[in-house]
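Model, not experiment: these values are computed from the prediction. Below, chain A is the first sequence line, B the second, and so on; all start at residue 1.
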Protein chains: 2
Amino acid sequence: MDTDLARERILDAAEDLFYARGIQAVGMDAVRDAAGVTLRRMYQLFPSKGDLVEAYLARRDARWLDSLATHVDTVGPTAQARVLAVFDWLEDWFARPDFHGCAFINSFGELAGTSPQVTAAARHHKDAFHAYLHQLTTAAGATAATGAQIALLAEGAMTTAAISGTPAPARHAKAAALNLLTLDARPVASPA
Amino acid sequence: MDTDLARERILDAAEDLFYARGIQAVGMDAVRDAAGVTLRRMYQLFPSKGDLVEAYLARRDARWLDSLATHVDTVGPTAQARVLAVFDWLEDWFARPDFHGCAFINSFGELAGTSPQVTAAARHHKDAFHAYLHQLTTAAGATAATGAQIALLAEGAMTTAAISGTPAPARHAKAAALNLLTLDARPVASPA
DNA sequence: CGAAGGTGAGAACGGCCGTTCTCGCCCTGC
DNA sequence: GCAGGGCGAGAACGGCCGTTCTCACCTTCG
């Protein structure tokens, strides 16, 4: 089998399993079975489980942000609509049957106490996501503070959707984001 | 040693270790060493590690909410101030050197895929927290939707503070919560 | 005093997991 | 045709972990 193909099948299997069951709960044997490659091959491509975990997180980070940006681009150039589109995309994600929360929040919760690499991967992913949101909100005329607040709404929606098991938090977050954006563009009336 | 005292020492040790390093990363031997009791005694009081984990989460849930409510009560009866006090309390928590995120989000991320008990504990804790926030926000004249939005801000602040390692998200969340509350009480001016 | 049951300390057991090794096979290059 | 090196499949190894057992001791009650 081609090396690149093996690599991809291993990462596909690792992502499915790590995301669904947690990293520590999945043994290398389970990844091997799901990937259909030999253990020897896996250790040639990923010398340790930690390397596989890092590759899993790195690929998921890139794909997740790409998918989000692609969706945002489908709504056109209107800046406020682009911000709100983030929450529609989140709602679609939350409603998927295999949704299990944010992989980075999950692996941070599982391994931050023991793995600096996982901690760094989570931080990197969230930094990138927040930077992207900052860019979208700034384009919509919001302040940096509003951008940070909208990021908190998105993060809160992820954990609440995961734990509650419903996609509704995405809509609540979207409504709140709209309010915050509107406030920025159009301050409240002064007291009567 | 008294049974109640042993129970408490075991739970104290378990909480310190599980919260700091994650549940799966901490063996029963480590809890025994930290608690200063014998393994036999631990298994008399908690017949399995799963029982210990459940007891850890149950006690933390109760204490966490009690601590929050106690703080909120110190600010007096003004409804809006009581809502905002939640975020001050969160900021204090985030700034503590041993802060490591929300124990329930962490254990959910670590064990939701394999333990229905942990999933239920996380859901129960978040339901209780959101119900408390709903009560506070309703008292401040906000709609249920605004209450849910403020809950998302609090959740987002927890994960963002944990991963970024700074308490700043509490202040951003507080500012956003104030905006949302104000908006509820005093709608934006209609378009010119 | 003596039997009995509980306790402390730690060893032991069974199983799992990350990692490496063995062995037989195939495929390549002369 | 044949030596040799890489590959697939799975066994093996070392270590860890949850749980239970052993055994000597101590206490307690008749």
- Test salt bridge (Lys or Arg N to Asp or Glu O under 4.0 Å) applied to B:D98 - qualifying residues, sequence neighbours left out: B:R96
Rounded to the nearest Å, what distance is computed from the [atom1] atom of residue [X] to the [atom2] atom of nucleotide [N]?
| X | N | atom1 | atom2 | value |
| --- | --- | --- | --- | --- |
| A:M42 | C:dT20 | CE | P | 12 Å |
| B:R40 | D:dC26 | CZ | C1' | 13 Å |
| B:R41 | D:dT20 | CZ | P | 18 Å |
| B:L45 | C:dT7 | CG | P | 10 Å |
| B:D33 | C:dG10 | CG | P | 10 Å |

- Message: Which residues pass the side-chain hydrogen bond (donor to acceptor under 3.5 Å, both in side chains) test with A:H172, not counting sequence neighbours?
- Response: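 Scan of A:H172 (side-chain hydrogen bond (donor to acceptor under 3.5 Å, both in side chains), adjacent residues dropped) gives none.
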Taking distance alone, no hydrogens or angles, what donor-acceptor pairs closer than 3.5 Å link side-chain atoms of residues 17-34 of chain A to residues at least two apart or in another chain?
from  : atom 1 : to     : atom 2 : distance (Å)
A:Y19 : OH     : A:H100 : N      : 2.6
A:Y19 : OH     : A:G101 : N      : 3.3
A:Y19 : OH     : A:G101 : O      : 2.7

- Besides B:V75, the hydrophobic cluster formed by Ile, Leu, Val, Met, Phe, Trp and Tyr side chains linked at under 4.5 Å, directly or via other members, contains none
- Message: Measuring to OP1 and OP2 of C:dT7, would you say a side-chain N or O of B:Q44 lies under 4.0 angstrom away?
- Response: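 Looking at the OP1 and OP2 atoms of C:dT7, one of them is under 4.0 Å from a side-chain N or O of B:Q44.
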- Message: With a 3.5 Å distance limit and no angle check, can you tell me whether A:T138 reaches the backbone of A:H134 through a side-chain donor-acceptor pair?
- Response: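 Pair found, side chain donor or acceptor close to backbone of A:H134.
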Anything under 3.5 Å between a protein N or O and an N or O of nucleotides 13-19 of chain C, put it in a table, one pair a line.
from   : atom 1 : to    : atom 2 : distance (Å)
C:dG18 : OP1    : A:K49 : NZ     : 2.5
C:dG18 : OP2    : A:M28 : N      : 2.6
C:dT19 : OP2    : A:Y43 : OH     : 3.0
C:dT19 : OP2    : A:K49 : N      : 2.9

- Task: Name all residues meeting the side-chain contact (heavy atoms from CB on, under 4.5 Å) criterion together with B:A142; count only those two or more places apart in sequence or in a different chain, and write none if there are none.
- Result: B:T137, B:T146, B:L181, B:D184
